[in-house]
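If you're wondering where the values come from, they're calculated on a predicted model, not measured in any experiment. In the text below, chain A, chain B and the rest are named by the order of the sequence lines, each starting its count at 1. All values below come from the heavy atoms of this structure, side chains included, with hydrogens, waters and symmetry mates left out.
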Amino acid sequence: MKNINSFQYNTFIWFILRAGFLELTLTSILYNVKEDSYIAAIIGTILGIIPLFILEYLKNKCPKDNLITLNKKLFKSRLINIIILIGSLIINVATFWILIHFANSLFLYKTSLWIISLVLIIPIYYTSSKGMHVIAKVSQLLFYISVILNVLIMTGLTGEINLNNINPIMRSKPDKLLLSSVLFTALNTSKLFFLSIIPKNKITNYNSKKNIIAYILTCVNLIDITLSIICIFGIDLTLLYEYPAFQILKRVNILGVLDRLETILSVEAILSLFINLTIITYYIDSIIKKEIKKISKYSLPLICTFTYIFSNILFKTYQSGEAFISNQMIYIFVIICIIIPLITLFKFIKNPKIVKK
Amino acid sequence: MKKYILILLLLLSGCQNYSELNQLAIVTAAGIDKDKGKYEVSVLIANSPKVNSSNKEGEAKTTVYKAKGKTIGEAIKMIELKSPKELYFSHINCIIISDEIGKEGFLKVADYFMRNPETRNRFYLLQIDKGKSSDVLKIISPLESYPSQSIKTLIESSQTSSNIGDSASYSNFIGKTIQKGYDPIMTTIKINGDKDKGSKQSNLETTEPNTYLSMGPIAIYKNDKFKRLSSNKETELIRVLNNENKELNYSFKYKEKNVNMFSNMTKTSIKLIDKNFISVDIYIKGDIFETDSNVNLNDYKEVYKINKKWQKNIKKDVKKLIDKIKHKWKCDIFGFGNMVYKKYPDYYKNFKLDKINVNVKVKTEIISTGSLTKAIKEDK
């Protein structure tokens with residue numbers, strides 16, 4: 001693996017945290033806690049520091065290893081990595097389904113999902129096949145576009161905000177609020193775990209502080225988006241829409257001159273999912289290359305074909321997909337992205353010498 | 001080679017399900033009426049070839065398709081059977097409904113245009129003041145190419161004097177309808193003159209059009225059901241209270257003579273003081289625009305008195321309007337209930353519109369008396 005720089009690594013954090021938030025997590029949170037969604041996002045941000053610290057700890061203690069090699073050394077068995085492989089494949093399918101469904105319901109509603117998937121899986125395959133340094137460069141480039149689009153969105157929406165719409169505050173039950181916060185952490189922050197594929201020594205000028213700042217800035221942006229949606233639409237209108245984050249883009253009006261920008265601006269959401277998917281695909285590819293060497297030559301086409309087929313046949317409607325991801329997938333996310341790294345962490349703390357050997 | 005195949009695959013996949021512009025019928029306005037228990041939907045097509053070619057006398061340049069169905073979707077499907085081109089809703093500017101649709105409950109028909117991914121949520125929603133909404137789509141204006149554009153211009157040009165764009169927006173109407181403690185209002189549109197003559201090219205050939213469209217009073221809704229129309233004076237005051245009016249023209253009697261005030265700045269703040277107490281503060285700044293009274297406008301005491309009278313009259317009218325809303329109309333168009341819900345959500349169940357106390361405070365300020373110091377009168 002060629003080296004990437006710490007800024008590129010931070011752009012990964014930006015995209016991974018955003019991926020799927022606008023398309024799915026936000027809708028689930030809004031449905032659960034309504035006006036208090038931004039509070040759930042704040043609590044979720046605080047909870048998300050736990051997986052971030054686990055990742056940082058493992059990276060700092062084992063700078064030469066990624067999670068796969070670390071697990072191999074610690075457990076001396078394939079089992080953990082195979083579990084991660086299966087879980088990651090499911091996560092990849094679900095994330096890809098979010099992407100194609102988003103594109104299908106908003107832009108290409110008359111086009112077959114198979115065609116949309118084909119168009120989207122090709123760049124994912126191509127970028128992943130080029131290695132982590134290419135993914136990092138693409139991410140860095142897309143980051144600038146993403147930030148510009150974000151600034152345009154925020155500028156174009158300022159006139160629409162009505163702060164009165166966030167009232168009444170704290171009307172949700174504490175258990176629902178906590179569940180939504182966990183949802184935020186499990187579906188978004190936990191995915192940072194996929195960055196464990198990049199060993200610390202492959203990142204020039206690696207700095208944990210920078211990563212924490214990147215994490216906080218991204219979360220602030222997500223909280224800001226949540227607040228903006230509630231303030232602009234009011235909770236009742238927000239709950240009517242399948243993708244409220246996209247619907248507010250229809251209201252963007254820059255200096256009274258530029259409007260009808262929703263299609264260009266919503267590309268921002270697609271960029272996040274794209275980077276996230278390339279990282280997950282690369283991650284799965286690395287596990288296969290390490291653990292199932294027989295098929296390592298064809299691993300990437302196999303992963304992409306698997307994702308392509310299953311994302312099209314698993315969920316027929318948005319509701320079934322949303323229900324599965326919010327209710328069942330959350331366990332897979334927690335097991336793969338939080339519990340397994342925690343087990344690795346404890347095992348490492350118990351026996352740090354194995355890794356050093 | 002692999003790279004080129006990938007690029008080709010990426011580019012060529014865009015050809016699937018494409019539509020050429022000349023295969024689309026671009027809908028710029030739609031009208032919804034009720035006829036014999038069915039919905040009658042009319043759509044105005046903007047890209048009809050007639051727009052560029054028709055020069056025959058008496059021939060309208062616009063194309064309107066109409067069809068009936070049990071649902072809006074069914075009616076639109078029927079139109080698609082008549083129209084040789086596929087209907088395309090992305091450029092829809094306004095939707096006009098008849099009062100019958102309003103009386104039945106607008107939410108019954110609201111779904112189609114809100115759910116359709118082609119539509120934007122910034123188009124206007126209007127109710128026709130007497131008549132069929134399909135007739136509005138046929139009235140051609142000498143100043144605009146299409147009726148839909150003429151309606152849009154009508155709404156947006158009046159934004160220099162009032163800001164009705166927001167209250168006329170489709171999504172805002174739905175937003176207010178589904179919010180707790182809010183009853184929505186809808187802007188109305190009127191056909192002045194003969195509707196049949198208005199749809200003909202000859203309507204453009206006279207110096208004064210025989211038929212034209214104008215903005216009407218406000219339609220007051222209870223939940224999603226149309227209840228009544230406001231009077232012209234009430235319409236203006238409702239817009240002042242909703243902060244939609246930038247300009248206010250107000251006439252009253254002073255020493256038994258007429259005084260006309262014109263204000264170009266009005267600001268209203270409605271605040272919830274207590275569970276049962278709301279304060280309405282109105283600030284109006286304006287000029288004496290016209291008078292036939294012989295008062296000496298150089299005398300500051302007289303100007304002060306006129307100002308007091310102006311203030312008193314507006315306060316009286318606003319109070320009368322609010323009392324009417326509370327007790328007679330029983331429609332919470334200013335969202336008093338919503339304010340209570342947002343601040344005291346638990347108390348909201350006990351909220352009753354007629355029980356709420358509203359204190360109206362009006363502050364007026366006369367900036368100038370115009371270019372004259374007194375009324376023009378025979379002074380021999």
> Tell me, side chain or backbone of A:Ile235 under 4.5 Å from chain B's heavy atoms, or both, or neither?
Replying inline: neither
> Considering only heavy atoms, which portion of A:Thr238 lies under 4.5 Å from any heavy atom of chain B: side chain, backbone, both, or neither?
Replying inline: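 Nothing of A:Thr238, per the 4.5 Å heavy-atom cut-off to chain B.
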> Out of B:Glu118, B:Gln179, B:Met339, which one racks up the most heavy-atom pairs below 4.5 Å with chain A?
Replying inline: B:Glu118
> In terms of heavy-atom pairs under 4.5 Å with chain B, which of A:Asn165, A:Leu106, A:Leu108, A:Ile116 leads?
Replying inline: A:Asn165
> Which region of B:Ser90, side chain (C-beta onward) or backbone (N, CA, C, O), has a non-hydrogen atom less than 4.5 Å from a non-hydrogen atom of chain A, or is it both or neither?
Replying inline: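 B:Ser90 touches chain A through backbone and side-chain heavy atoms alike.
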> Side chain, backbone, both or neither: which part of B:Tyr344 has a heavy atom under 4.5 Å from chain A?
Replying inline: neither
> Could you state the interatomic distance from CG (A:Leu22) to CD1 (A:Ile248), rounded to the nearest 0.5 Å?
Replying inline: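 So the CG of A:Leu22 and the CD1 of A:Ile248 are separated by 8.5 Å.
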>> Quick check on the 6.0 Å ring-centre criterion: do A:Phe310 and A:Trp97 meet it?
In response: no
Between [X] and [Y], does at least one N-O distance fall below 4.0 Å, as a salt bridge requires?
| X | Y | answer |
| --- | --- | --- |
| B:Glu80 | B:Lys77 | yes |
| A:Lys110 | B:Glu86 | yes |
| A:Arg171 | B:Asp346 | yes |

